[in-house]
Amino acid sequence: MKSCKPIIYLLLIFFLNACTIQTEKKPGTFELLPTPQNFEIVGISDLKADQLKMAFAQNSENLPVLGDGLGQLTQAETQSDAEILYGIDSTLEIPAEGYLLEIKADQVIISGKDEAGLFYAFKTLEQLTADAKEQDVFLPLCTIKDFPLLAYRSIHWDIKHHLEKTDYYYRLIDKLSSYKINAIIAEVEDKIKFERHPKIGSADALSKVEWKKLSDYAKERNIEISPLMQGLGHSSFVLKHDEYKHLRDDVTSDWAYNPLDPETYELQFDLYEEAMEATPHGKYLHVGGDEVHTTGRGSGKSALELQLQWLNKVCRFAEEHGRTPIFWDDMPLQHAEVYGPMFNKNLSKEEVDKIWEENEHKLVEFLDEFPKNCIYMRWNYHAPETYGNSKAMNWFSDHGFKVMGATAGQTRWVLMPQRESNIANIKSFALSSIESGLNGLLLTLWDDDSPHFELYMRGILAFAEYTWAGDKRTKEEIKSAYRHREYANALADSQYAFIDSLETPVAQWKNLLLQGNSRNYLKSNPNAKEKLVLEMPDAQNAGEWAKKHAERIENAKKIVALNDSIAAKITEVKELTKRNTHNLEVYEQVNNLVQFSNKAFLQLADYDQAENDDVRKKALAGLSKLKEQFNELRKEFEAVYGKTRILTKPDDYILDQDHHVHLANQSTSFDWQFYAEMLFLEKLEEDIINKVTSASIKD
């Protein structure tokens with residue numbers, strides 16, 4: 001009998017090799033957002049993400065609120081039992097909200113400068129564990145030293161035209177905290193159930209108790225919510241009601257309060273106080289004050305005098321109630337005629353200085369009237385890098401006033417943010433704020449034309465990056481980090497990018513079916529269908545319509561093809577994503593709506609250019625199906641948006657006079673989103689489908 005030893009040896013070698021293969025450690029890709037100030041990976045630990053189960057508090061600190069990334073950690077009785085050691089060390093030589101995080105071979109050690117720092121260390125660890133789980137790799141051997149470069153990193157909830165479903169706000173708070181956003185300015189207007197003035201609160205408004213719960217939830221996650229309650233101007237949500245019309249500055253307009261009427265302040269102070277009660281953890285009260293001219297009612301006072309009179313009173317009120325007032329700074333600068341240079345990139349330093357030299361006295365003569373307890377917020381959404389912008393901010397700070405900037409992730413763009421989520425301008429204002437030693441920055445997200453909030457996320461993440469970390473990533477790297485963190489590690493590569501490709505089609509879509517730049521003005525024009533919707537082809541002059549719109553036709557063809565490629569890309573990303581599928585569904589609906597309008601336009605061109613009756617009949621049959629197709633598209637669009645958003649206003653809701661032609665303010669239903677398409681289809685039916693059908697019957 002032959003010896004079996006060689007076979008045993010071979011089997012032993014096989015099993016040893018198999019064990020080596022199974023325990024081989026492969027490096028992972030770890031992409032944190034915002035970027036830590038110092039992040040050094042020196043190897044691979046022996047820890048898998050799912051091994052982090054026990055935590056030991058080194059100085060009896062409670063665990064901060066954790067997200068899903070770490071699951072349920074249990075408190076260990078001894079250090080040796082724990083995979084995570086954590087605590088607060090106020091002696092750390094790093095700024096507030098900073099932390100140290102070290103992953104050793106078999107243990108994670110965390111030290112926070114304060115409670116916020118400890119919280120953010122765990123948020124960073126959650127991102128590391130998410131990456132490790134996705135790639136099925138061990139956590140890295142690494143050291144992280146991290147802290148923010150701006151202390152106040154606030155985003156804007158503008159809810160004046162619609163509310164999200166309440167659970168979505170809680171999820172937003174979770175997400176914002178995970179990216180180290182630490183404040184929210186909530187522009188509440190009529191979305192609080194006011195107890196002292198119940199007529200002002202919308203029927204769907206949140207109660208003060210509901211607001212307090214949100215504020216408490218945010219506070220536990222190191223986010224403070226402060227209210228923005230518009231005062232002086234932007235006051236239609238109050239002055240549209242019959243009960244308050246007597247407080248108007250102009251009796252025919254619901255835009256501005258009369259600053260000379262003592263009752264104005266009684267009402268405003270009531271609203272401010274209830275807004276502060278609803279957001280008890282906020283340290284600010286944003287009083288508004290922008291974009292308003294008041295008449296003076298024959299008092300002889302200038303608009304600037306009236307505004308400063310109002311501002312002093314509301315700032316005194318805020319201080320008496322323990323809040324720091326924030327005021328949009330544009331109107332004093334406009335009154336002094338130094339406003340324009342802030343937005344004009346073509347003006348030289350010398351030209352800007354000359355404008356200030358000629359007009360600064362208009363501010364200086366009222367210098368003692370500017371309240372010192374106020375933060376003057378300089379908003380600039382398109383050109384924060386201009387010398388004129390920094391000149392204005394420096395004027396306030398040079399005269400002893402507190403200053404803060406406001407950039408934008410969304411302004412008056414329809415359907416979705418444009419200009420690559422405004423990343424370049426967000427970066428510019430964040431870096432200049434850091435360099436100037438300012439306290440913080442606000443990212444405004446205006447609801448005027450009301451894109452879905454999910455479409456703001458890329459801009460929010462860019463804001464989180466630049467306000468925390470400074471200039472560590474390029475714009476393209478930000479986009480990659482966005483895909484990595486919001487969708488999946490595997491989707492970071494640029495081959496999965498689609499958002500920028502969608503911007504041009506959306507911008508073109510806005511007025512594709514209209515004459516001129518008229519989408520926002522359809523509701524205010526009683527003859528909009530006849531005057532503002534695109535004219536229909538004339539059967540007696542076949543082909544002339546297509547000649548007139550030849551350039552538009554060529555663009556529509558390109559965009560339909562681009563929409564197809566975007567749709568395919570979104571489908572691919574949806575199949576690979578690990579999270580945030582709803583975000584992708586929203587982008588998908590945006591793409592569908594844009595494609596519908598372009599296809600409808602091209603079908604109209606086909607009808608106009610038909611070579612014979614048979615071709616024309618076929619084209620007409622296609623046009624006849626558009627209304628049904630649109631109804632199906634709208635149904636799906638609203639189903640997706642409605643997962644997180646309340647689409648309609650209450651039945652008894654009173655629309656205001658719409659001085660700034662905000663699309664989202666133009667109907668209580670969701671019609672405003674599709675109004676151009678609806679009018680186009682009506683006109684198509686009246687001018688072509690019905691006429692051709694009628695003529696056929698006669699024949």
Side-chain angles (χ1 to χ4, degrees), residues 33-34 52 55-75 84 86-90 95-99 101 108 110-130 146-148 150-157 159 164-186 188 192 206-227 275-285 322-323 440 443 453 460-461 463-464 467-468 644:
L33 199 155
L52 302 181
F56 181 81
Q58 293 179 302
N59 52 5
S60 301
E61 295 296 333
N62 292 325
L63 272 169
V65 175
L66 301 177
D68 295 334
L70 284 173
Q72 295 294 319
L73 290 179
T74 303
Q75 290 282 7
I84 301 174
Y86 69 94
I88 292 176
D89 183 356
S90 60
E97 299 185 291
Y99 62 90
L101 188 156
V108 180
I110 291 173
S111 293
K113 172 77 172 182
D114 44 33
E115 287 187 11
L118 186 64
F119 176 78
Y120 289 140
F122 275 94
K123 293 293 112 180
T124 294
L125 183 58
E126 285 177 4
Q127 290 190 16
L128 291 170
T129 57
D146 200 12
F147 51 86
L150 281 179
Y152 186 74
R153 307 172 302 282
S154 183
I155 68 109
H156 177 217
W157 280 358
I159 57 177
E164 309 292 343
K165 293 180 178 178
T166 306
D167 67 326
Y168 185 64
Y169 290 119
Y170 285 97
R171 297 203 302 273
L172 278 177
I173 289 168
D174 286 334
K175 177 169 286 192
L176 294 172
S177 69
S178 74
Y179 292 118
K180 302 180 174 66
I181 297 296
N182 67 356
I184 293 168
I185 295 286
V188 291
I192 295 177
L206 301 181
S207 69
K208 286 196 291 185
V209 170
E210 290 173 302
W211 272 109
K212 286 176 184 176
K213 287 180 180 178
L214 267 177
S215 297
D216 291 344
Y217 189 86
K219 181 67 174 175
E220 291 174 348
R221 289 152 182 80
N222 200 49
I223 292 176
E224 66 166 64
I225 301 179
S226 296
M276 290 187 292
E277 290 167 356
T279 56
H281 306 298
K283 62 173 170 278
Y284 296 113
L285 171 64
R323 299 287 178 114
L443 180 73
F453 202 94
I460 291 172
L461 268 62
F463 176 82
T467 54
W468 177 281
T644 59

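In what follows, every heavy atom counts, from backbone to side chain, and hydrogens, waters and symmetry copies are set aside. Positions are given from 1 along the sequence.
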To the nearest 0.5 Å, what is the distance between CD1 on Ile173 and CD1 on Ile181? 13.0 Å

Could you tell me if the side chain of Pro148 sits less than 4.5 Å from the side chain of Arg153, heavy atoms only? yes

Parallel, tilted or perpendicular, judged at 30° and 60°: which one describes the rings of Trp157 and Trp211? tilted

Set out, in order, the CA-CA distance, both residues' side-chain angles and the distance that settles side chain to side chain contact (heavy atoms under 4.5 Å, CB included) for Tyr170 and Leu214, then state yes or no. CA-CA 7 Å; Tyr170 285 97; Leu214 267 177; 3.7 Å; yes

Is the shortest distance from a Lys or Arg side-chain nitrogen in Glu164 or Arg171 to a carboxylate oxygen in the other one below 4.0 Å? no

What pair of heavy atoms forms the shortest contact from Lys123 to Ser178, and how long is it? CD-CA, 3.7 Å

Check: Gly67 main-chain N/O paired with Glu126 side-chain donor or acceptor under 3.5 Å: yes

Heavy-atom pair with the smallest gap, counting every atom of Tyr86 and Ala55: CE2-CB, 3.8 Å

Kindly check if the number of other-residue, nucleotide or ligand heavy atoms within 6.0 Å of NZ (Lys219) is above 12? no

Where the side chain of Arg323 meets the backbone of Tyr284, is there a donor-acceptor pair that is under 3.5 Å apart? yes

Where do Ile223 and Leu176 come nearest, in terms of heavy atoms and distance? CD1-CB, 3.9 Å

Distance alone, cut at 3.5 Å: any donor-acceptor contact between the side chains of Lys180 and Thr467? no

A side-chain contact here means heavy atoms from C-beta on lying under 4.5 Å apart; do Leu125 and Leu101 qualify? yes

Can you give me the closest heavy-atom contact between Pro280 and Lys212, atom names plus distance? CD-CG, 4.1 Å

Flag side-chain contact, heavy atom, 4.5 Å: Asn222 against Tyr120: yes

Starting at OG of Ser154, measure out to CG of Leu443 and round the result to the nearest 0.5 Å. 8.5 Å

Any heavy-atom pair between the side chains of Leu73 and Phe122 that's under 4.5 Å? yes

Please assess Phe453 against Thr644 for the test side chain to side chain contact (heavy atoms under 4.5 Å, CB included), listing each intermediate value before the final yes or no. CA-CA 9 Å; Phe453 202 94; Thr644 59; over 6 Å; no

Find out whether Pro95 and Lys113 are in side-chain contact, i.e. whether some heavy atom of one side chain is under 4.5 Å from a heavy atom of the other. no

Determine, stepwise, if the pair Tyr169 / Ile184 fulfils side chain to side chain contact (heavy atoms under 4.5 Å, CB included). CA-CA 11 Å; Tyr169 290 119; Ile184 293 168; over 6 Å; no

Output for pair (Leu70 CG, Leu52 CG), nearest 0.5 Å, gives 6.5 Å

Gap separating the CG atom of Leu63 from the CD atom of Gln75, nearest 0.5 angstrom: 4.5 Å

Might you point out which heavy atoms bring Ala275 and Ile192 nearest each other, and give the distance in Å? CA-CD1, 3.8 Å

Between the CG atom in Leu172 and the CD1 atom in Ile155, the distance rounded to the nearest 0.5 Å is 7.0 Å

Looking at side-chain heavy atoms only, is the closest gap between Val188 and Thr279 below 4.5 Å? no

For Val65, is there any backbone N or O sitting under 3.5 Å from a side-chain donor or acceptor partner on Arg221? no

Value rounded to 0.5 Å, distance of CD1 in Ile110 from CG in Asp89: 13.5 Å

Any side-chain heavy-atom pair of Trp468 and Asn182 under 4.5 Å: no

So, do Ile460 and Tyr179 sit near enough that their side-chain heavy atoms are less than 4.5 Å apart? no

Is any NZ, NE, NH1 or NH2 atom of the basic residue among Lys213 and Glu210 found under 4.0 Å from an Asp or Glu carboxylate oxygen of the other? no

